[in-house]
Amino acid sequence: MKKLEQLNKRAKIVSEALPYIMEFYDKVIVIKYGGSAMHDPELKKKLLHDVVLLKYVGMHPVIVHGGGPDINKRLRQKKIESIFLHGLRVTTKEVMQVVENVLGKKVNQEIVSLIKKQGGKAKGFYGKKGHVIKATKHWIKNSHGNYIDLGYTGSVHGIRFRFLHKWIKKGYIPVLSPIGIGRHGHTYNINADSAAAAVAEFLKADKLILLTDVPGVLGKRKRLISEINTDRIEKMIEQEDISGGMIPKVECCLHALKKGVKQVHILDGRVPHVLLLELFTDAGIGTMVVR
Ligand SMILES: Nc1ncnc2c1ncn2[C@@H]1O[C@H](COP(=O)(O)OP(=O)(O)OP(=O)(O)O)[C@@H](O)[C@H]1O
Ligand SMILES: [Mg+2]
């Protein structure tokens with residue numbers, strides 16, 4: 001009898017998922033999986049299991065991954081200094097080589113193989129192999145209005161979205177490294193949040209989810225801000241309440257919204273089943289970014 005009760009509970013939960021499944025059925029959901037949230041192998045397995053589930057209920061998840069901590073570790077081993085300006089990595093030629101090896105080879109292939117192990121179809125896109133992200137050199141301005149050279153750090157110039165769509169329609173979950181190719185065949189290191197926002201824009205995604213290693217955007221006394229708009233973001237950056245890797249993250253969220261992505265969230269990738277909580281419940285976890 002107890003067993004039947006338990007099974008009934010499970011049936012109820014599945015049944016209650018219907019409106020959420022209908023809302024995102026046949027819709028593209030871009031998930032940025034941050035390097036900082038990818039530490040725990042068990043959590044990683046759980047998260048990718050849930051991505052496979054999304055695909056099997058008719059949604060189209062697309063993964064863009066980061067890999068900051070892995071890159072830093074490899075650079076430390078090679079005694080190369082990691083330098084960040086405005087939250088972006090300065091990428092010399094030798095740093096770029098490390099980025100390509102760590103992101104393109106290690107991280108990308110690991111995600112692809114974990115998806116496959118859990119019964120999903122995944123296709124890895126990294127660097128020159130199956131090149132999807134078109135890039136140009138990225139420049140930033142300092143407070144005096146002068147341009148700063150970040151080396152092989154790039155911005156997205158375009159996404160080969162038709163090519164990506166073909167794989168999505170064939171039932172694959174695309175897994176993209178944030179490495180772009182320039183006009184002259186150079187590879188560029190792109191902040192993974194910007195790459196994810198561009199992929200969401202070009203694929204006309206309904207949702208962009210940035211998974212990271214904090215509960216969302218945190219305000220004074222580390223309190224979670226559950227909804228944040230352009231004005232508050234600008235103010236928080238100015239007052240340095242948003243710093244480091246959170247700067248490109250919130251800027252990308254605003255860019256994606258401007259370009260027509262319907263919903264944008266920053267969520268804690270360390271929370272078990274965070275994607276299911278966001279997509280199948282009204283829990284309202286993390287930070288929702290609005291214009
Ligand atoms: N106001 C803020 N709220 C939350 N986090 C903040 C804030 N300001 C700065 N941060 C920092 O931003 C970090 C998240 O960005 P970070 O680039 O380090 O991670 P990621 O984007 O998830 O990973 P990766 O860059 O490897 O893909 C947090 O760990 C935190 O230290
Ligand atoms: Mg980052």
Side-chain angles (χ1 to χ4, degrees), residues 30-40 43-44 47 63-76 82-91 95 98-100 102-104 106-108 110-111 126 133 138 140 150 153-156 175-180 189-200 208-229 231-256 264-271 274-275 285-289:
V30 176
I31 301 155
K32 188 270 175 148
Y33 193 23
S36 308
M38 300 187 333
H39 280 322
D40 182 339
L43 263 181
K44 202 193 276 184
L47 186 108
I63 297 181
V64 179
H65 64 82
D70 280 331
I71 295 168
N72 291 343
K73 192 169 144 200
R74 187 72 62 86
L75 289 174
R76 268 199 308 277
S82 289
I83 304 170
F84 288 87
L85 291 172
H86 202 70
L88 297 174
R89 185 186 295 280
V90 177
T91 315
V95 171
V98 171
V99 169
E100 282 193 64
V102 173
L103 292 187
K106 181 177 176 285
V107 182
N108 192 288
E110 209 172 81
I111 295 175
Y126 51 90
I133 305 175
H138 185 77
I140 54 170
L150 297 174
T153 298
S155 332
V156 182
V175 180
L176 278 78
S177 283
I179 296 173
N189 172 30
I190 294 167
N191 171 273
D193 301 310
S194 324
V199 169
L208 168 65
I209 297 176
L210 304 176
L211 296 175
T212 185
D213 64 345
V214 281
V217 181
L218 305 174
K220 295 255 183 284
R221 288 185 291 282
K222 303 262 171 243
R223 278 188 57 178
L224 174 69
I225 301 170
S226 44
E227 193 176 303
I228 193 163
N229 62 15
D231 287 349
R232 188 155 182 204
I233 285 174
E234 281 172 0
K235 208 177 276 167
M236 284 184 73
I237 293 178
E238 207 181 288
Q239 294 174 345
E240 296 180 9
D241 289 329
I242 288 180
S243 59
M246 194 50 74
I247 300 176
K249 208 179 293 300
V250 286
E251 285 177 343
C252 292
C253 292
L254 293 176
H255 175 82
V264 180
H265 303 264
I266 298 171
L267 306 180
D268 194 339
R270 302 164 306 174
V271 170
V274 65
L275 291 175
I285 46 165
T287 300
M288 181 165 176
V289 183

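This structure is a prediction, so every number in the text was calculated from the model and none was measured. Order of listing sets the numbers, starting from 1, for every ligand and every atom in it. Along the sequence shown, residues carry numbers from 1.
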Return the minimal non-hydrogen interatomic distance between A256 and L208, and the atom names on each side. CB-CD2, 3.8 Å

Quick check on contacts: which atoms of ligand 1 are under 4.0 angstrom from a heavy atom of G34? 22 (O), 23 (O), 27 (O)

For G66, counting its heavy atoms only, list the atoms of ligand 1 lying under 4.0 Å from any of them. 27 (O)

Within the distance-only criterion (no hydrogens, no angle test), does the side chain of T153 pair as donor or acceptor with the backbone N or O of H138 below 3.5 angstrom? no

Kindly give the heavy-atom pair with the smallest separation between V99 and I179, and that separation in Å. O-CD1, 4.3 Å

When rounded to the nearest 0.5 angstrom, what distance separates CG in L211 from CE in M38? 10.5 Å

Under 4.0 Å from a heavy atom of K249: give me the atoms of ligand 1 that qualify, with their elements. 15 (O), 20 (P), 21 (O), 22 (O)

Could you tell me whether a side-chain N or O of S177 sits under 3.5 Å from a main-chain N or O of N108, the two making a donor and an acceptor? no

Among non-hydrogen protein atoms, atom 10 (N) of ligand 1 lies closest to M246 CB, 3.5 Å

Do me a favour and list the nearest non-hydrogen protein atom to atom 19 (O) of ligand 1 with residue, atom name and distance? S36 OG, 3.1 Å

Could you find the nearest protein heavy atom to atom 24 (P) of ligand 1 and give me its residue, atom name and distance? G35 N, 3.5 Å

I need the H86 NE2 to N191 CG distance, nearest 0.5 Å. 10.5 Å

What protein heavy atom lies closest to atom 26 (O) of ligand 1? Include the residue and the distance to one decimal. G68 N, 2.9 Å

Protein heavy atom at shortest distance from atom 25 (O) of ligand 1: K32 NZ, 4.2 Å

Would P69 count as a contact residue for ligand 1, given that I'm defining contact as a non-hydrogen atom of the residue lying under 4.0 Å from a ligand atom? yes

Which of the numbered atoms in ligand 1 are below 4.0 angstrom from a heavy atom of G216? 3 (N), 4 (C)

The closest protein heavy-atom partner of atom 28 (C) of ligand 1 is D213 OD1, 3.6 Å

Got the closest protein heavy atom to atom 14 (C) of ligand 1, with its distance? T212 OG1, 3.6 Å

Any non-hydrogen side-chain atom of V271 less than 4.5 Å from a side-chain atom of I285? no

Rounding to 0.5 Å, atoms NE2 (H39) and CG (D70) come to a distance of 7.5 Å

I'd like to know if G67 contacts ligand 1, where contact means a heavy-atom distance under 4.0 Å to any ligand atom. yes

Kindly identify the option in D241, D268, V214, V217 whose heavy atom sits closest to atom 1 (N) of ligand 1. D241

Which residue and non-hydrogen atom of the protein lie closest to atom 8 (N) of ligand 1, and at what distance in Å? S243 N, 3.1 Å

Counting heavy atoms only, name the option from L211, L88, L218 that's nearest to atom 3 (N) of ligand 1. L218

Is a salt bridge present between R270 and D213, judged by a nitrogen-to-oxygen distance below 4.0 Å? no

CD1 on I71 to OG1 on T91, rounded to 0.5 Å: 8.5 Å

Proximal atoms of ligand 1 relative to I242 (non-hydrogen, under 4.0 Å): 1 (N), 8 (N)

State the CG-OG distance between L150 and S155, to the nearest 0.5 angstrom. 9.0 Å

